[in-house]
4 protein chains.
Amino acid sequence: MNDQQWLKELLKVNDEEVKLSDKQAKILEAAIEMFAEKGYAATSTSEIAKRAGVAEGTIFRHYKTKKDLLLAIVTPTVTKVVAPFLAKEFVKEVFENQYKSYEDFIRALMKNRYEFVKKHLPLIRIFWQELAFHSDIKEQFQAVFIENVYEKFKRIIEYFQTKGEIVELPPTTVIRMTVTTIAGFLLTRFIILPDQEWDDESEMERTIQFLMHGLTRK
Amino acid sequence: MNDQQWLKELLKVNDEEVKLSDKQAKILEAAIEMFAEKGYAATSTSEIAKRAGVAEGTIFRHYKTKKDLLLAIVTPTVTKVVAPFLAKEFVKEVFENQYKSYEDFIRALMKNRYEFVKKHLPLIRIFWQELAFHSDIKEQFQAVFIENVYEKFKRIIEYFQTKGEIVELPPTTVIRMTVTTIAGFLLTRFIILPDQEWDDESEMERTIQFLMHGLTRK
Amino acid sequence: MNDQQWLKELLKVNDEEVKLSDKQAKILEAAIEMFAEKGYAATSTSEIAKRAGVAEGTIFRHYKTKKDLLLAIVTPTVTKVVAPFLAKEFVKEVFENQYKSYEDFIRALMKNRYEFVKKHLPLIRIFWQELAFHSDIKEQFQAVFIENVYEKFKRIIEYFQTKGEIVELPPTTVIRMTVTTIAGFLLTRFIILPDQEWDDESEMERTIQFLMHGLTRK
Amino acid sequence: MNDQQWLKELLKVNDEEVKLSDKQAKILEAAIEMFAEKGYAATSTSEIAKRAGVAEGTIFRHYKTKKDLLLAIVTPTVTKVVAPFLAKEFVKEVFENQYKSYEDFIRALMKNRYEFVKKHLPLIRIFWQELAFHSDIKEQFQAVFIENVYEKFKRIIEYFQTKGEIVELPPTTVIRMTVTTIAGFLLTRFIILPDQEWDDESEMERTIQFLMHGLTRK
DNA sequence: CATGAATGAGGCTTCATTCAT
DNA sequence: TATGAATGAAGCCTCATTCAT
């Protein structure tokens, strides 16, 4: 009945406690599942109601429109997708040299994202799909990314460039390559070929090595 | 009546001439635009008809269902996405030393795909989006990939591994990294951040260098 | 809200109370009228909605498809058409000498069916017309007939054959002649020539006499 | 290719030769089959065109509307159904006492109708069904019946009533009983239970006996 | 005379949303 | 607060009919 801790956790944006009635949680869960399976536009509110075990009207009591329901799902996700960079400890650790190398940073980042995607695959699917069509979501994401991630990421990179560990490419390029490589692995792993056999540990390590070699000039 | 050469070209699958009436071409063009803009599910056939300048019924004279219209667009795209590997010369050139190195091969591949994506961006968007929801499209793609790309790609990789140019990782992994890196660049360039300023030549060269360093152990 | 007792009565199949919202009753009434007038295929759901005074969507909230609406009307009719044989008393009465003769039985049967057809003419029209095109309805009818009518009717006939009242033809033939004669009268009376002047009492009595003479060899 | 003699025969109304192009005949044949199978309203002109092997437009070159096509089928049928009464020889025979008895007349009538229905079952189905919905067809039929059949039938009956062979009921009633009995047999035989095993000869003879006993008071 | 592409009205059905209970 | 019947706009698709070829 209150197994929806993960949902509350996820919807929490600034450590504010989220109030989520039982029905509300069921609606969100159902909507997440269905949007991920069939896409936002192809999912009907009545299907969501049925899967959530509530009346059709109940959905609209909590979310004024279907689009609002989507935003209620996607907006916290926007934040969470970039969360590791927001988490104060995380960034601080890097700058306080708890990570001795860019490689260690990358490794931590990848593991973190791996766990997140694994746990919240449906959310990722929704997020990715709807990003393409709803410019409001896209703008929101870009704003959050630039404001909270870009600058910090850039500083991390410059830090390790100064230390000579990684190559002197424009930070934007390094970010793109890093993100692209990690995201490329995760997409292949969880969305494009999820049914293939995967030795996750090795494949992640190989990916890290690939990335590091790519970013190093010895 | 005239300008739809590119469409005919695109729809051609086995070098068979494609017959495309004027109206049919207009319908396809309109559908491609709208599916790319709003997604398949969110686009109505009446909108397509309006944009194509035909009666709604006309769409259904040419395509039995809306889904058929999607497939008429996506099916040839599936092949074209993967096209360079379908062209015998492309692969032959690699082995007959037209490409002295994996790097040259990658460079050719990237330029080729860059041009393709640039030219057919809407198609790529549709393809990528709908892949997620239509298992028939996904299966089609996997089939084409395995049948026409995988083996050839693998041989190319093994060839350059034998020559010692690239690292001895499992070919599947090398393929993933190569594809991921190229696709990552193209997606960022054309879909995620198309509005940013791009120095395409340099960024592609950087990407190739990144990829090659990642795949080399000197 | 009030007058639809006959409808509820009609839809009742196993003496279970039928719940019929106001709108639902109006939809059924309208559908019965229109199907009877123009036939199922030639009647549009929008016409039905208009005549019922509801929104077209409301029809589909109650009946998933137009065909379901037809079946909701025809299925109970199938049973009712054959009803007197379903009532235990009716058959029992025959054997317990409430009916001294086949003639009395026929007379009771005819009056009963006369009243039914008179009251439910539109239903009869629908039933008879659609029987021809929907094999599911036809099968339903045959099943009900064989299961609930045939055996009982046969026993009644054999009973009066034993008593020497009616001729020793195969019961199937006697059934056919009886049913055909009664139905022939009712169809002519109510469907083929309803506008002619009819002295129902006399004509029914004549028909009974005709039937009895036909089935008697004195 | 010109096996459509039966069609031409059927469409002939007053011994005028009917001109029927190849395509026209195919259209009529196809329409008859489909109207009989699915009903007029549920059959589309494109289906008819397909089954006839002609273009959709061709139908409308020969018949201005779909309804006209139906009438082209039904109108001659209207005549043919009552044809035996129209055929001069047939009636003349009766009045010139080639038929010694009403029974012989009935027997000839029944055999004639049996052959006709057997041969033209689809037409009968169409005719019967559409009679119910198209008042123009119904009126046409009633007019033809009253003008050509009723009077003659009545005179035949009165003739045999005078001779004392059949009972002194109102001719209308005798006609109804005769027609009803014959039609009842044919409907049961060919439409309601066509799949049952039938010994046609015996069953027809039984029916005639039934009818004659019903109409006789000895 | 025949064709079949094109039409647009209209068919059945689904949908997001409202509102009385 | 929750319900679910009701709505009517809109969705996909079919149809009879027209007309240029």
Side-chain angles (χ1 to χ4, degrees), chain A residues 21-24 26-27 40-50 52-70, chain B residues 21-24 26-27 41-50 52-69, chain C residues 21-24 26-27 41-50 52-69, chain D residues 21-24 26-27 40-50 52-70:
Chain A
S21 79
D22 198 39
K23 303 250 167 195
Q24 212 168 347
K26 275 181 185 158
I27 291 168
Y40 168 74
T43 301
S44 74
T45 50
S46 86
E47 282 174 296
I48 296 171
K50 206 173 294 162
V54 304
E56 294 188 50
T58 306
I59 291 177
F60 291 90
R61 184 151 294 281
H62 292 286
Y63 305 94
K64 221 164 43 203
T65 66
K66 190 186 167 194
K67 180 78 183 271
D68 281 353
L69 175 55
L70 175 64
Chain B
S21 76
D22 197 37
K23 303 252 166 191
Q24 211 169 347
K26 277 180 185 155
I27 290 168
T43 302
S44 77
T45 51
S46 86
E47 284 173 297
I48 296 171
K50 212 168 290 164
V54 302
E56 201 171 352
T58 306
I59 292 177
F60 293 92
R61 172 159 291 278
H62 292 286
Y63 305 94
K64 260 210 290 284
T65 65
K66 189 188 170 195
K67 179 77 184 269
D68 278 357
L69 176 55
Chain C
S21 77
D22 197 36
K23 304 253 167 191
Q24 209 169 348
K26 277 179 186 157
I27 291 168
T43 302
S44 76
T45 51
S46 87
E47 284 173 296
I48 296 170
K50 212 169 291 164
V54 304
E56 201 170 352
T58 307
I59 292 177
F60 292 91
R61 173 158 289 278
H62 292 287
Y63 305 94
K64 260 210 292 284
T65 65
K66 190 188 169 195
K67 178 77 183 269
D68 278 357
L69 175 55
Chain D
S21 79
D22 198 40
K23 303 251 167 195
Q24 212 169 345
K26 276 180 184 156
I27 290 169
Y40 168 75
T43 301
S44 74
T45 49
S46 86
E47 282 174 296
I48 296 170
K50 206 174 293 162
V54 304
E56 293 189 50
T58 306
I59 291 177
F60 291 90
R61 185 151 294 281
H62 292 286
Y63 305 94
K64 230 175 25 216
T65 66
K66 190 188 170 193
K67 179 79 182 272
D68 281 353
L69 176 54
L70 174 64

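Everything numeric here is computed off the predicted structure, so don't read it as measured data. Every chain is numbered from 1 and lettered A, B, ... according to where its sequence line falls, protein lines coming before strand lines.
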Rounded to the nearest 0.5 angstrom, the CD-OG distance for A/E56 and A/S46 is 5.0 Å
When rounded to the nearest 0.5 Å, the distance separating CG of B/D68 from CD1 of B/I59 is 12.5 Å
Assign each of C/T65 and D/K23 the nucleotide of DNA chain E bearing its closest heavy atom; nearer the 5' end lies the nucleotide of D/K23
Value for CG (C/D22) from CD1 (C/I27), rounded to nearest 0.5 Å, stands at 10.0 Å
Whether B/H62 contacts E/dA6 is assessed here as follows: a side-chain N or O lying under 4.0 Å from the phosphate OP1 or OP2. Is that the case?
yes
Taking five pairs at each terminus, the helix from E/dA2-F/dT21 to E/dT21-F/dA2 shows an axis bend, to 10°, of 0°
Students often get this wrong, so: under 4.0 angstrom with heavy atoms, is D/T45 touching a base, only sugar-phosphate, or nothing? base
B/K64 NZ: over 12 foreign heavy atoms closer than 6.0 Å | no
Per nearest nucleotide of DNA chain F, the residue lying toward the 5' end, B/S44 or C/Q24, is C/Q24
In whole angstroms, the gap separating P of E/dT3 from CD1 of D/I27 amounts to 9 Å
To the nearest angstrom, the CD-C1' distance between C/E56 and F/dA9 comes to 11 Å
Rounded to the nearest 0.5 Å, the OH atom of D/Y63 sits from the OG1 atom of D/T45 at a distance of 14.0 Å
Interatomic distance, OH@D/Y40 vs NZ@D/K66, rounded to 0.5 Å, equals 5.0 Å
>> Once you apply a heavy-atom cut-off of 4.0 Å, does D/T58 come out as touching a base, just sugar-phosphate, or nothing?
In response: base
In whole angstroms, the gap separating P of F/dA5 from CZ of A/F60 amounts to 16 Å
Whole-Å distance, B/Y63 OH to E/dA5 C1', equals 14 Å
Rounded to whole Å, CZ of B/R61 lies from P of F/dT18 at a distance of 15 Å
Here the gap from B/H62 atom NE2 to B/L69 atom CG, rounded to the nearest 0.5 Å, amounts to 11.0 Å
Of C/V54 and B/K64, the one whose nearest nucleotide on DNA chain F sits closer to the 5' end is C/V54
C/K50 NZ to E/dG10 C1', in whole Å, measures 11 Å
In whole angstroms, the gap separating C1' of F/dC15 from CD1 of D/I48 amounts to 12 Å
Here the distance between atom C1' of F/dA20 and atom CG of B/D22, to the nearest Å, is 15 Å
